[in-house]
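In the text below, chain A, chain B and the rest are named by the order of the sequence lines, each starting its count at 1.
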Amino acid sequence: MKLLYFAWLRARVGCAEEEVALPPQVRDVAGLLDWLRGRSDRHAEALRSLGLIRVAVNQDYVGPAHPVREGDEVALFPPVTGG
Amino acid sequence: MKLLYFAWLRARVGCAEEEVALPPQVRDVAGLLDWLRGRSDRHAEALRSLGLIRVAVNQDYVGPAHPVREGDEVALFPPVTGG
Amino acid sequence: MIRLQREDFDVGAELERLTAGNHRIGGVASFIGLVRDMGGSDRVFALTLEHYPGMTERKLAEIEAEARRRWPLDAVLVIHRYGRLKPGDRIVLVATASPHREAALEACHFLIDWLKTDAPFWKSETTSVGERWVEARTEDDAARERWTPPL
Amino acid sequence: MIRLQREDFDVGAELERLTAGNHRIGGVASFIGLVRDMGGSDRVFALTLEHYPGMTERKLAEIEAEARRRWPLDAVLVIHRYGRLKPGDRIVLVATASPHREAALEACHFLIDWLKTDAPFWKSETTSVGERWVEARTEDDAARERWTPPL
């Protein structure tokens with residue numbers, strides 16, 4: 001699975017993009033975030049405040065119950081501020 | 001008193017501007033319109049449908065009860081269509 | 001700022017000038033009114049705008065003052081043309097600049113709505129069935145009413 | 001039409017192109033977003049816009065389609081810049097053209113409101129007290145909500 005980080009999430013995690021192999025118990029966005037927090041201290045710190053994190057799966061905004069699968073493009077980022 | 005006519009009122013009355021001496025019994029806009037209708041057949045015809053006529057006295061929109069005086073600039077015209 | 005003129009105007013240059021050197025401005029809203037080639041079901045070949053010199057400037061200035069009273073605006077521009085225009089020609093430009101996007105957008109909408117009902121202009125269309133005066137639209141009165149009473 | 005670019009754009013030329021040859025259009029509404037020189041009480045020297053390539057184009061196209069579904073629009077243009085900008089620089093241009101003034105004005109307002117909350121852009125300010133990410137504003141969410149559910 002391809003993970004993308006934007007804005008301060010990118011800065012805190014320390015990378016813009018990573019390729020991960022999804023363990024079988026991770027089935028949805030909430031599970032993915034839980035699992036990611038265990039990857040490193042930086043991940044744990046960056047993903048601490050879930051209220052400040054938005055998720056897109058395959059370029060659509062989704063909620064915590066949205067399923068994730070091997071092969072998805074999952075992006076994590078703070079609330080957007082365009083315009 | 002200076003009278004100005006615009007748009008189809010100008011075309012129907014047959015002039016853009018006329019100078020009139022106000023008779024003493026004419027005290028307000030409604031009275032002025034009554035009196036003007038007696039000036040000629042063209043005036044009578046042009047000023048027939050009061051619902052289609054707007055009046056400005058000294059460049060402010062006014063209603064039928066607004067006073068008129070010698071020296072005023074009174075404009076008569078259809079509803080405006082700017083923009 | 002209010003301008004009443006026969007000549008066309010350069011939208012890009014006007015909008016540029018509106019904000020030049022003022023870096024407090026976060027948003028510029030504008031509206032351009034154009035001559036349409038249809039009036040009802042008839043083809044329009046020309047549109048002639050007549051106005052009431054003196055009162056027009058006065059009313060436009062009043063409308064600008066009202067917009068500035070209602071919203072925090074750093075700049076306001078209204079350019080209204082008169083005379084004979086062709087389909088596709090620009091009639092009017094309304095532009096507002098503010099630190100805040102909502103203020104600019106609402107004030108621009110307000111200005112064009114009020115201008116339609118309060119500025120003494122009249123339009124005559126040269127159509128395939130002859131010359132005729134454009135009637136005021138009740139929708140325009142309704143649009144103006146949306147903004148009263150003052151916010 | 002949607003464009004995402006680093007380069008600046010020419011507002012006059014873009015608006016001209018939007019309506020060229022189409023004499024059905026009666027009104028063009030537009031909004032230009034500019035970089036402000038203040039962020040809260042701190043001086044801003046630069047604003048850097050980051051976006052999510054691929055998703056940004058997709059979201060902007062969805063927002064355009066939604067506007068066209070709600071209003072009768074003859075043309076829609078959204079140009080959004082990214083990269084490093086200075087105070088006074090243009091960030092975004094939204095323009096809508098319609099036979100009807102209200103449709104153009106409302107659709108333009110709608111587009112900028114939705115773009116603020118739905119397009120994946122993030123802003124970082126270079127200020128007198130350092131570099132910092134601009135936070136999303138709850139006012140922007142409220143402005144977006146004004147347009148839902150569909151008219």
Looking at A:His43, is its backbone amide N or carbonyl O close enough to the side chain of A:Ser40 to form a donor-acceptor pair, meaning the two atoms are under 3.5 Å apart? yes
Tell me, for A:Ala7 versus chain D, whether the close heavy atoms (under 4.5 Å) come from the side chain, the backbone, both or neither. both
Does any non-hydrogen side-chain atom of D:Thr96 lie less than 4.5 Å from one of D:Val28? no
Heavy atoms under 4.5 Å from chain A: which residues of residues 117-142 of chain D carry them? D:Thr117, D:Asp118, D:Ala119, D:Pro120, D:Phe121, D:Trp122, D:Lys123, D:Trp133, D:Val134, D:Glu135, D:Ala136
Under 3.5 Å donor-acceptor, D:Arg81 side chain and D:Val92 backbone: no
Under 4.5 Å, heavy atom to heavy atom, which residues of residues 46-54 of chain D contact chain A? D:Glu50, D:His51, D:Tyr52, D:Pro53, D:Gly54
Between A:Tyr61, A:Trp8, A:Phe6, who has the most heavy-atom pairs with chain D when the cutoff is under 4.5 Å? A:Phe6
In terms of heavy-atom proximity below 4.5 Å to chain D, should A:Leu52 be classed as side chain, backbone, both, or neither? neither
A:Arg54, part contacting chain D, at a heavy-atom distance under 4.5 Å: neither
Are any side-chain N or O atoms of D:His80 and backbone N or O atoms of D:Arg3, one a donor and one an acceptor, separated by less than 3.5 Å? no
Would you say the ring centroid of D:Trp71 lies under 6.0 angstrom from that of D:His100? no
Does the A:Arg27 side chain pair with the main chain of A:Leu32, one donor and one acceptor, at a distance under 3.5 Å? no
